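Order of the sequence lines fixes the chain letters, A, B, ..., with proteins taken first and strands second; residue numbering starts at 1 for each chain. Just so we're clear, the structure is a prediction, and the values are computed from it rather than from any experiment.
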Amino acid sequence: MSLFIDRDTKVLIQGITGNQGAFHTQQMLAYGTKVVAGVTPGRGGREVLGVPVYDTVKLAIEKHDPDATAIFVPAAFAYEAALEALEAGIKLIVIISEHLPLHDTLKLVALAKVKGATIIGPNTFGIIAPSRCKIGIMPNPIYRPGPVGLVARSGTLSYEVAASLSEAGLGQSTVIGIGGDRVVGLTFVEALELFTRDPETEAVVLVGEIGGTAEEEAAAYIKTMPKPVVAYLAGSSAPPGKRMGHAGAIIERGRGTYEAKVKALEEVGAKIAAFPWEVPGLVREVL
Amino acid sequence: MSLFIDRDTKVLIQGITGNQGAFHTQQMLAYGTKVVAGVTPGRGGREVLGVPVYDTVKLAIEKHDPDATAIFVPAAFAYEAALEALEAGIKLIVIISEHLPLHDTLKLVALAKVKGATIIGPNTFGIIAPSRCKIGIMPNPIYRPGPVGLVARSGTLSYEVAASLSEAGLGQSTVIGIGGDRVVGLTFVEALELFTRDPETEAVVLVGEIGGTAEEEAAAYIKTMPKPVVAYLAGSSAPPGKRMGHAGAIIERGRGTYEAKVKALEEVGAKIAAFPWEVPGLVREVL
Amino acid sequence: MKLYEHLAKEIFSRNDIPTPKGRLCRNPEEAALAAQEIGPVAIKAQVLAGGRGKAGGIAFASTPKEAEAAAAKLLGSNIRGYPVTKVLVEEKLNIQDELYLGITVDSGARRAIVLASRQGGINIEEVPEEAIVSHLIDPLIGLKRYAALDLGLKLGLKEGLLKEFIDLTLKLYQIFYAYDAELAEINPLAVVDGHLMAADARLNIDDDALFRHPDIEIVDEGSELEKAIKALGLSYVQLEGNIAVMANGAGITMATMDTLQKFGGRAANFLDVGGGAGNEPMAKALELLLDTNPKAVLINIFGGITRCDEVARALIQVKEKRGLKIPLILRLVGTNEEEAYNALKAHGISAFRNMQEAVTAAVTAAQNA
Amino acid sequence: MKLYEHLAKEIFSRNDIPTPKGRLCRNPEEAALAAQEIGPVAIKAQVLAGGRGKAGGIAFASTPKEAEAAAAKLLGSNIRGYPVTKVLVEEKLNIQDELYLGITVDSGARRAIVLASRQGGINIEEVPEEAIVSHLIDPLIGLKRYAALDLGLKLGLKEGLLKEFIDLTLKLYQIFYAYDAELAEINPLAVVDGHLMAADARLNIDDDALFRHPDIEIVDEGSELEKAIKALGLSYVQLEGNIAVMANGAGITMATMDTLQKFGGRAANFLDVGGGAGNEPMAKALELLLDTNPKAVLINIFGGITRCDEVARALIQVKEKRGLKIPLILRLVGTNEEEAYNALKAHGISAFRNMQEAVTAAVTAAQNA
C-alpha cells in the first residue's frame, strides 16, 4: 500500500456541501476515491453527488467507518472540524482549508499526537496514490503510478513537477502536500521517513521553498536516508521575507534562505534542480 | 523488580522544605529510599537532611536524573508541581497532597497519559516495595517482603491490613495507595493488571470502600484475572453518601453501595473479608 | 458544596441561560409583593435536600394573598430535615415539555460527562438507560459545539429547540468549568412557549476548589457541632447511634463503625482525625464528642503519621481537665506506641492493641451504661 | 500584522507590564506639550521597519523646545522606506541594564517558544547562542510559573528582578496567547531604578486570526496598488524588476520569478492568483498590473483548481476592454486546456504549453520593449 491511503481507503468530506467541498468531492469520486460520507452541520439527511451527508462526524462514523477525512470548511471553523474528527477517532485528517490561525494549528498538532492521528496540512493540496486514491484538490490527470515519492509544500508547483515526472515516464508512489503554513501536521522529515519505509518508493522528490527551516531539518534526515533525494526549491530570486522580530532571527540563525537550504541539502547528497523541468533528469540519474 | 520502584529508584521530593515534606523525607531515607534531590521554589541551594534542594524540577533533573517524584506541596500548588514533573519527563509521580481541585486532577490524568507517565494519587499514602523502596507516608515498620500485592484507597485502613498480613507471616510484594479522591491517576484496574504481570505477586488484597464505582470496575477485571483476590471493603454501616444530583444517580445506576460492591466482587470469585483481621486467613486459603 | 437554587439560577442567568423571573423572599410579605409584581407564581423552599418537590417544598399561588399564605406555610417548616428560611417566588411556568440536562464528573471514566434526556422532571432517575444520551468531555479539548449538536440530534431535537439546546449546553459547560463544579444540572429543562428554560438549577462546587472562588458565599448547613469540629480541620458526620467514634483516616473510621455494627453497637458519629492532626485539635474534638453524652467513646488509632504519644497526650489532657465519666475505649498501635502506653499507664488509662477486643469492649460498655 | 510600538505598549500596559510614560504625537506641538508634561524624553518614530534605532528613528530631547524640533525633524521623514506620521514621546529612561525577552512560534518544533537573554538591546541578533535561554511551550499546558522561574534562574537573575521577570514573562505569554500573536517581544527589557520595564514593545498578530480580534485596528502600510490587489483576495508583493508576473500558487509564482531571473529577466512583482480565484478578480488584477506599465507581462498557469478557460476568459475580457499594448506572454496548461486554447485562438491570443519557452519569450520581449 502507498503511504496512508489505498484503493480501499474510505474517505469522509467535512464541508461537503460548500462550493469547494462539493467540487472536489466530484473530482475525487471521478478519480475513484471511495468517498463514503460527508458532514455539514445543519445539512444532515441530504446527498451530494450520491454521497450521504450527516450533521456530525460521529453520526457519519456510526454508519460508514471512514479511514480518513478531508476538511474543506472555512478557516474559522476548521479547528473545530479537525477536533471533531480527532475526537471521533479518525486517524488521517487532511486539512485542505487555508488561513487557519497559527495558535489553532499548534493545538491541533499537539492533540493529533495525543490521539495517535496524522494531520496533513493545513493549507495542503492533499495526498494522492496515483490510480488508487486521491484525497485533495490536485488535478486528476497529471499523475501516474510509479516508483517516485513526491513531497511538497506548495500545490501548483508540485503539479508542475509531478506532470514533468509523468511526462518523462516516471510515475509516483505517493504524492503528499505537507501544506504551505508555518506550522503543519505532517513534516518533511516524517514524510521522508515514511517514504524510506515504503517498498514502492525508490527515490524521493522534495519540492520546498524559502522561509522556515523545514528543508534544513529534512537535510538532517536525508543524511542517513538510504534512498536518493532530488530537490527543487523555489525562492532563489525572492527578497528576504518578512521576519518575525529578533526572536525569528534567533531561532533561524541564518537558516531559511535559499542559499542555506541548498547548501544543507547538497551537503547530504541531495541533487538540486535549478528548474522544475530538470527534476525528471536528476531522478533518472539517481534511480 | 516490584511494581514501578526498586532499590535503585531515585526519588525527588517536591515540597521537601515543608513540614510534611521534610518529615517524610527523613522517614523515607530511614527506610533506605534513594532520595536524591528536593525541590522548593525559592529554596534552591539549601539542603534538607543532606538532600540538595533545587528551585525547579528541571534543575534537579539536570543533576540527579530521578525516576520518580513525591509531591508534598499544598493543594493549591500541587497541580503545577505535578505539571512541572510531567513536563520535565518524570514517569512516576506520587501525589501525596490532598484536597486537589477535581478539575485539576482531571487535567493531570489526561496529561499524564499524553506524557506516558503514571500518576499515583492524589491523596495517596504512596507506594512501597517492602525492604526495598518507599515513596510515601506509610509507617516504616509494618511491611515485610513477600508474595501478596496490596492495593488500597485509604491509608490507615491499609496499614491495619498490611500489619495483620505481616503479623501472619504474609509479606507484601508491592503496596499501592491509589488515593482517596473521586478521580485518581492509577486505578484499581491498572494496579491489578500490574500485579497480574508481576512475577513476585501471587495473590492480591484489595482494600476498598463505598462510593464511586472503582470496586465494580475492579470486579470486571478480576473476572479474567489469573491470580486470586481477597477484598475488604469499608462502609457497610455507613448511611448513603452525598449524591451528585440526578447525574450521579444516572451514572452509578445502583452501583457504589456496599452491597453492590460485595456482590460484584463475589460474583467474580474474590473472597470478601468481613473484618480487617480476617484478611490474612483468606489470603492463606487462596495462596 | 451545594448552592441554593436561587444562587445557582443567578449564576445561570448571568451566563445567559434563560431562567424564570423570580425573587428571593425571607418573609410572607415579600412573597406577596413578589407575586404582585410577577403574577401567578411558584413558591419554592430554598433547601439543599433532594426530592424537594415530592416532600411538599413547592407551592403555587395565583394571587399575592395566596402567595403570602403559601410562603407563610413554607417558611419555618422543615423539608427532609432542613429548615426553610428562604423561598424563591417565581413566575409560574406553562411547561409544555420537560427535558433533563446535567454535567458532572464520571469517576470511572475520569472525565466530565454531559447527560441529557427527553424525559426530564422529578422521575428522571427512573428513566431507562436508553433514554439518556451522554458525552464524555476530554479535558484537553473541552465541550465543543459538534458534541452538543450530536447530543441534541440524538434527543431528536430540531431547528429552534436544537439550536437553543446546543447554546445552553455549551453555556452550562462553561459554568461547570469556570466554577469548578462537581455538578451543574437543569432538571427540568423546560420547554416554555416553544423555548428552553432552566426551570430548576443545581450547581455543586468542588469544596477543594473554593479557594479559587472567593466570591462564592459558603453555604454550610451543618449543625453547630459539625461546624465546630470542621473548624478544627477534621472530618465529621453526625449519625444516629450511641457510641462516639474517633479514628485516624476515613477508611479506618468507616471500618471501625462497620465493626461496631457487626458486634451489635451503633456509631453516634463519624470523626476522622487522620493526617497528623496533632494533640490540640484531637483533644478539642474529643471534648466536643464527650459533650454529646454518648454511652461510650471508641478511639481507634493505627499510628502512622498520627503518633500514638500525641493521641495519648490528647487523652491525658482531657482527662486532667474534666475527668472521664463516660467509658472511653482506646485501641492504640503504631508509631511511638511504647511511649504512649507508658504515659497512659502513668495516668491510669488502659488501652487495647487489638481492634476486635476494643470494639467488643465498647459495645459492652455502651450496653452497660 | 505588526502593531505599532505605541499600540503594543498600550496592550502591554493594560496587562500590567510596566512601560515608560508616553504620549503618541502627530505634530511637533503635541510633542512639545508631551515633553513639558513628562520631562526629558525620547522621541520615537512609529514605523514598522526593523532597525529603527540604527536608522535614526529615535531622538532625545531635554526640553519641550528640543522635543518640538526633534519631532518636526522625524515627522514627515522616511525610515527605511516607511513615512513617519506619528511619534511616540516617552520619558527618557535611565537604563541600567538591557535584557531581551521574546515569545514566538518555532516552526521546526511546532511550538511557541520563549527566548530570553541577559544581553538585550539593538545587537541582540549577534548575541552568541549560549547567551540565549529558551523554553518550548506545550500548547496543552501553556507557560507556567516554574518554566519562567527556570528561565530567570538560568539568566542569573535574583530576588526582586527574578520575581519581576517571572511575572512579566507570564504576562507576556498571556498577551501572546490572548492576542493570537506570532511574536510578542520586549527588547530591550530594561532595568530602570532596579525594576524591569518594557523599553520597547513588539506585537505581531497572526493575520489569519484577526477575525477573532475585531477590536484591533488593521495596520496596513502597503501601497495603493498592493491594497487594491489584496482587496481582490489575491496575494501581491511589489518588486524592483520590469516584467509583471502572475501565476497560480505561491510556490509556482516564486519559481516563475526565479526562472525569469536565471534567464536574465527581473520580476516587477509577485502576484499569486491561486486557489480558483475566478475570472473577474483575475481580469481586474491583470488590469492593475498593466497600469504599472511593465515592459512585459508573464502569466504562468498550471491549471488545477484554476481552470484554463477562466484564465483565457479573463485575458480576452481585458483585451476586449482596453487592448493589449504591452507584450503579454502566456503559459497555460491543465484543467480545460483545450477550451482555453480554442477561445484564445478565436481572439488572436497565442500561448505556450512549455514554461521554459514562455519565460524565454518574456525576457526577450522585455529586452526588446
Donor-acceptor check, side chain of D:Asp258 to backbone of A:Ala234, threshold 3.5 angstrom: yes or no?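 No, because the side chain of D:Asp258 does not come within donor-acceptor range (under 3.5 Å) of the backbone of A:Ala234.
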What part of [X] gets closer than 4.5 Å to chain A, counting heavy atoms only: side chain, backbone, both or neither?
X	result
D:Asp180	both
D:Arg212	side chain
D:Val127	backbone
D:Phe211	side chain
D:Glu240	neither
D:Arg110	both
D:Leu210	neither
D:Asp106	both

Working for side chain to side chain contact (heavy atoms under 4.5 Å, CB included), residues A:Tyr258 and A:Glu209: CA-CA 7 Å; A:Tyr258 182 79; A:Glu209 58 192 58; over 6 Å; no
Side chain, backbone, both or neither: which part of [X] has an atom under 4.5 Å from a heavy atom of chain D?
X	answer
A:Ile250	side chain
A:Arg153	neither
A:Glu160	both
A:Val114	side chain
A:Leu233	backbone
A:Ala76	both
A:Ser237	both

Can you confirm whether the side chains of A:Asp181 and A:Asn123 place a donor and an acceptor under 3.5 Å from each other?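 Looking only at side-chain atoms, A:Asn123 and A:Asp181 do form a donor-acceptor pair, the distance falling under 3.5 Å.
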Are a donor atom and an acceptor atom from the side chains of A:Ser236 and A:Glu259 found within less than 3.5 Å of each other?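 Note: A:Ser236 and A:Glu259 side chains miss the donor-acceptor criterion.
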State whether [X] and [Y] are salt-bridged, where the test is any N-O pair (Lys NZ or Arg NE/NH1/NH2 against Asp/Glu carboxylate O) under 4.0 Å.
X	Y	value
A:Glu216	A:Lys261	yes
D:Glu226	D:Lys230	no
A:Lys107	A:Glu80	no
A:Arg182	D:Glu182	yes

Out of [options], which one racks up the most heavy-atom pairs below 4.5 Å with chain D?
options	value
A:Val189, A:Thr213, A:Leu100, A:Thr105	A:Leu100
A:Ala274, A:Ser158, A:Ala75	A:Ala274
A:Ser154, A:Pro139, A:Gly235	A:Gly235
A:Val161, A:Thr187, A:Ile142, A:Ile251	A:Ile251

Hey, which of D:Glu185, D:Arg118, D:Glu125 is the one that makes side-chain hydrogen bond (donor to acceptor under 3.5 Å, both in side chains) with D:Tyr100? D:Glu185
Only one of D:Asn300, D:Thr253, D:Thr306, D:Asp272 forms a side-chain hydrogen bond (donor to acceptor under 3.5 Å, both in side chains) with D:Asn248, so which one is it?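 One option only clears the test, and that one is D:Thr306.
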What about D:Phe263 and A:Phe275, are their ring centers closer than 6.0 Å?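 Between D:Phe263 and A:Phe275, the centre distance is under 6.0 Å.
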Centroid-centroid distance, A:Phe125 to A:Tyr159, less than 6.0 Å: yes
Most chain A-contacting option - heavy-atom pairs closer than 4.5 Å, from [options]:
options	value
D:Gly334, D:Ala255, D:Gly303	D:Ala255
D:Ile132, D:Thr335, D:Ile113, D:Thr256	D:Ile132
D:Ser107, D:Gly304, D:Ala209	D:Ser107

Does any non-hydrogen side-chain atom of A:Leu150 lie less than 4.5 Å from one of A:Val207?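 Contact flag for A:Val207/A:Leu150 side chains = yes.
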